[in-house]
Amino acid sequence: MDKIVLLCGKLFCSTTGTVKEKVAVTVEGEKITAVCPVEQADTAGCTVYDLGDKFVTPGLIDAHVHTIWDGEVEFMDCINKGTIGDLTIRSMLLAKKDLMAGFTTLRDEGAQGYSDVAVRDAINAGKIAGPRICCSGESIGGTGGHADSHFLPCVTGKHAFGQIIDGPDAGRKAART
């Protein structure tokens, strides 16, 4: 297992809400194993990254995203005009963009065609770069509710936004899916 030491110019400590200067963070695998002043860091045999001119923070968590959307005005175009393949590629690119912005964990609240699940699985398999993703697959909503598509009135049941359910039995069936 490769040991990494980050030499941080400034580090935000989320447990105390303070900023510490000249701090070393040692990482083994996916775990932080030590945080100490730079001069006390054991760097022997480690990969060292000098971030002495950087401000370092813990990874951020976004607890409500849809990785297929980025908040742009034309977000509906991707659903109305794109295939599930298009949406999956878009989700992959946006997940990586979130990672590069400092988000190490995302909670995806629903995506068409299980594109969020495909991206999560590819990240977990090491095929693509991205944050940890906790995902739900397709959205579930009631008729006339948040996930109901008033854009496509001829579509009922399972449609572009997910599954529309009315009642406990339909809800259980959709949740099992």
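Here the closest heavy-atom approach between residue Pro131 and residue Phe103 is recorded as CB-O, 3.3 Å. Closest non-hydrogen pair, Leu87 versus Ile68, comes out as O-CG2, 3.7 Å. Across every non-hydrogen atom of Ala24 and Leu7, the tightest pair is CB-CD2, 4.0 Å. The two atoms that bring Pro58 and Phe12 nearest to each other are CD-O, 3.6 Å, heavy atoms only. Of all heavy-atom pairs spanning Ser136 and Glu109, the tightest one is OG-C, 3.3 Å. Across Ser139 and Gly110, no two heavy atoms sit closer than the pair OG-CA, 3.5 Å.
The shortest distance between side-chain heavy atoms of Ile32 and Val25 falls below 4.5 Å. A heavy-atom distance below 4.5 Å is found between the side chains of Arg90 and Asp70. Val19 places none of its side-chain heavy atoms less than 4.5 Å from the side chain of Cys13. Counting only heavy atoms from C-beta outward, the side chains of Gln112 and Ile84 approach each other to under 4.5 Å. Looking at Val5 and Tyr49, their side chains never come closer than 4.5 Å, going by heavy atoms from C-beta outward. When side chains are defined from C-beta on, Asp2 counts as touching Thr47, because their heavy atoms get closer than 4.5 Å. In this structure the side chain of Ile133 reaches within 4.5 angstrom of the side chain of Val119, judged on heavy atoms. Val56 places none of its side-chain heavy atoms less than 4.5 Å from the side chain of Lys10.
Rounded to the nearest 0.5 angstrom, Glu28 CD and Ile4 CD1 are separated by 10.0 Å. Of the inter-residue distances, the one linking Ile128 atom CD1 with Arg120 atom CZ reads 12.0 Å to the nearest 0.5 angstrom. Rounding to the nearest 0.5 Å gives a distance of 7.5 Å between CG of Asp42 and OG1 of Thr26. Separating the CG atom in Leu99 from the CG atom in Leu60 is a distance of 10.5 Å, to the nearest 0.5 Å.
Classification of the Trp69-His66 ring pair by plane angle, with boundaries at 30° and 60°, yields tilted.
A donor-acceptor contact closer than 3.5 angstrom is absent between the side chains of Asp116 and Thr67.
Side-chain heavy atoms closer than 4.5 Å link hydrophobic residues (I, L, V, M, F, W, Y) into clusters, and following such links, possibly through other members, connects Ile123 to Met92. By the rule that hydrophobic residues join a cluster once side-chain heavy atoms approach within less than 4.5 Å of another member, Leu106 and Ile89 end up as members of one cluster.
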Is there a side chain to side chain contact (heavy atoms under 4.5 Å, CB included) between Val35 and Val23 once you walk through the steps?
CA-CA 7 Å; Val35 178; Val23 175; 3.4 Å; yes
List the steps and the verdict of side chain to side chain contact (heavy atoms under 4.5 Å, CB included) for Ser91 and Thr88.
CA-CA 5 Å; Ser91 179; Thr88 303; 5.5 Å; no
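In this structure, Asp86 contributes its side chain and Thr83 its backbone to a donor-acceptor pair below 3.5 Å. Counting only distance, with no hydrogens or angles, the side chain of Arg132 and the backbone of Thr105 share no donor-acceptor pair below 3.5 Å.
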